[in-house]
Amino acid sequence: MSQPEYHLIGTYTRYSSWTARVEAVLEYFEIPYTTEKIPLDQAASHSPSALIPVLYSQKHSITLNDSLAIVEFLADQNPGSPLWPRDPALRALARSATAEMHSGFATLRNTFHTNFIARYEGPIPVSEAARREIKRVLTIWDSARRETRVRLEEKGELDEGFLFGGFSIADAWFWPVLWRFRSYSLSLDDATPEALTWMEKMWSDPKIRKLVEGYYRQAEDPRTRIEKYEGLFAEYGVQYSTFRDDWVFTAPGTGTEA
């Protein structure tokens with residue numbers, strides 16, 4: 001049996017949002033690949049930019065070291081799978097939202113570090129810059145769902161409930177941001193019903209839940225632990241724990257999170 005064409009080198013996805021994004025695309029669309037997880041401090045020996053993830057294509061003998069470039073390449077090489085929406089208008093909107101996520105939201109990234117299984121509770125400090133970015137994220141999710149619903153209704157096509165209809169690169173790109181709302185108990189006061197419905201869709205999707213299982217399995221191996229991402233905000237009296245792996249999302253005001 002021949003080896004898969006793609007080989008992904010990344011760091012442990014319980015902490016690595018960029019590796020997690022690429023992994024989500026590969027897994028969701030069932031694109032065969034091999035993978036290798038390495039500690040962050042070893043990235044320089046595996047990547048020309050000293051950054052990961054890195055994707056190697058055996059067929060083309062090329063190495064790509066930017067996550068968005070990687071998934072654009074995967075979309076080109078797998079035209080039978082809708083990594084981007086097939087509808088031109090929705091595809092353009094999805095690319096715009098993804099690009100904004102890829103290059104923006106620096107405060108959210110640098111203040112609320114990726115830690116997929118962590119649970120922080122208490123007086124977490126949220127700066128005004130972070131509040132603006134949170135509001136912008138929620139606006140993107142709301143707008144995506146509203147415009148998608150109208151567009152697909154007009155065309156008489158199925159709306160699967162993801163940001164732009166079916167699962168796409170855009171959903172993968174906002175996936176680690178969605179986790180930050182959970183990990184750090186960030187406010188959902190500005191979340192519209194449309195945004196909350198997308199959140200529930202993501203949390204309950206079987207393929208996404210399989211990815212979640214992988215984050216918990218990594219945590220069973222102490223070698224995956226990165227100490228600086230654990231126990232943040234302790235000086236503010238914030239309590240640190242981990243979520244149960246069978247946690248279920250419930251929209252605010254509709255019940256209690258499990």
*Asks:* Does a sphere of radius 6.0 Å around CD in Q42 hold more than 12 heavy atoms from other residues, nucleotides or ligands, not counting ones at 6.0 Å or beyond?
*Replies:* yes
*Asks:* Using side-chain heavy atoms (C-beta onward) and a distance below 4.5 Å, is L188 in contact with M199?
*Replies:*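 Yes. Closest side-chain heavy atoms under 4.5 Å.
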*Asks:* With rounding to the nearest 0.5 angstrom, report the CG to CD distance, L152 to E157.
*Replies:*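 Rounded to the nearest 0.5 Å, the CG-CD separation comes out at 6.0 Å.
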*Asks:* I134 and side chain to side chain contact (heavy atoms under 4.5 Å, CB included): which single residue from V126, D190, T107, V177 fits?
*Replies:*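 Testing each of V126, D190, T107, V177 against I134, the sole residue satisfying side chain to side chain contact (heavy atoms under 4.5 Å, CB included) is V126.
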*Asks:* Inspect the surroundings of NZ in K135 and state if more than 12 heavy atoms from other residues, nucleotides or ligands are less than 6.0 Å away.
*Replies:* no
*Asks:* To the nearest 0.5 Å, tell me how far L178 CG sits from S183 OG.
*Replies:* 9.5 Å
*Asks:* Ring-plane angle category for F174 and F105, please: parallel below 30°, perpendicular beyond 60°, tilted otherwise.
*Replies:*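 F174 and F105: perpendicular rings.
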*Asks:* Side chains of Y216 and V212, heavy atoms from C-beta outward: is any pair under 4.5 Å?
*Replies:* yes
*Asks:* Look only at the side chain of Y28 and the backbone of L83, and say whether a donor-acceptor pair between them is shorter than 3.5 Å.
*Replies:* no
*Asks:* Check the hydrophobic clustering (I, L, V, M, F, W, Y; side-chain heavy atoms under 4.5 Å; chains of links allowed) and say if L68 and I62 are grouped together.
*Replies:*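 Yes, L68 and I62 fall within the same hydrophobic cluster.
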*Asks:* As a test of understanding, state which of F181, W175, F162, F164 forms a ring pair (Phe, Tyr, Trp, His ring centres under 6.0 Å) with W141.
*Replies:* F181
*Asks:* Is the side chain of N65 donor-acceptor paired with the backbone N or O of L51 at a distance under 3.5 Å, no angle test?
*Replies:*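 Such a contact is absent between N65 side chain and L51 backbone.
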*Asks:* Is any side-chain heavy atom of S81 closer than 4.5 Å to a side-chain heavy atom of I31?
*Replies:* no
*Asks:* side-chain hydrogen bond (donor to acceptor under 3.5 Å, both in side chains) between Q218 and T13: does it pass, once the steps are laid out?
*Replies:* CA-CA 8 Å; Q218 283 182 28; T13 44; 2.6 Å; yes
*Asks:* Among Y15, Y120, F112, which residue meets the ring pair (Phe, Tyr, Trp, His ring centres under 6.0 Å) test with Y229?
*Replies:*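 So, applying the ring pair (Phe, Tyr, Trp, His ring centres under 6.0 Å) to Y229 and each of Y15, Y120, F112, only Y15 qualifies.
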*Asks:* Test your reading of the model: is there a side-chain donor-acceptor pair from K201 to the backbone of E160, 3.5 Å cut-off?
*Replies:*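 Between the backbone of E160 and the side chain of K201 there is a qualifying donor-acceptor contact (under 3.5 Å).
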*Asks:* Enumerate the residue pairs fulfilling salt bridge (Lys or Arg N to Asp or Glu O under 4.0 Å) with a member in residues 54-75, sequence neighbours excluded, ordered by first and then second residue.
*Replies:*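 Those involving residues 54-75 are E72-R95.
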*Asks:* Rounded to the nearest 0.5 Å, how far does CD of E23 lie from NZ of K37?
*Replies:*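 Answer for the NZ-CD pair, K37 versus E23, is 4.5 Å.
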*Asks:* Check whether any side-chain N or O of R14 sits under 3.5 Å from a backbone N or O of F116 as a donor-acceptor pair, and report yes or no.
*Replies:*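 Such a contact is absent between R14 side chain and F116 backbone.
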*Asks:* Report yes or no: does T197 contribute a side-chain atom to a donor-acceptor pair with the main-chain N or O of P193 at less than 3.5 Å?
*Replies:*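 Such a contact is found between T197 side chain and P193 backbone.
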*Asks:* List the steps, then state whether side chain to side chain contact (heavy atoms under 4.5 Å, CB included) holds for L163 with W173.
*Replies:* CA-CA 11 Å; L163 288 176; W173 247 239; over 6 Å; no
*Asks:* Is there a side-chain contact between V71 and T98 (heavy atoms, below 4.5 Å)?
*Replies:*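 No, side chains not in contact.
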*Asks:* Side chains of R209 and S204: do they bring a donor and an acceptor to under 3.5 Å?
*Replies:* no
*Asks:* Can you classify the ring geometry of Y184 versus F233 as parallel (below 30°), tilted (30 to 60°) or perpendicular (above 60°)?
*Replies:* perpendicular
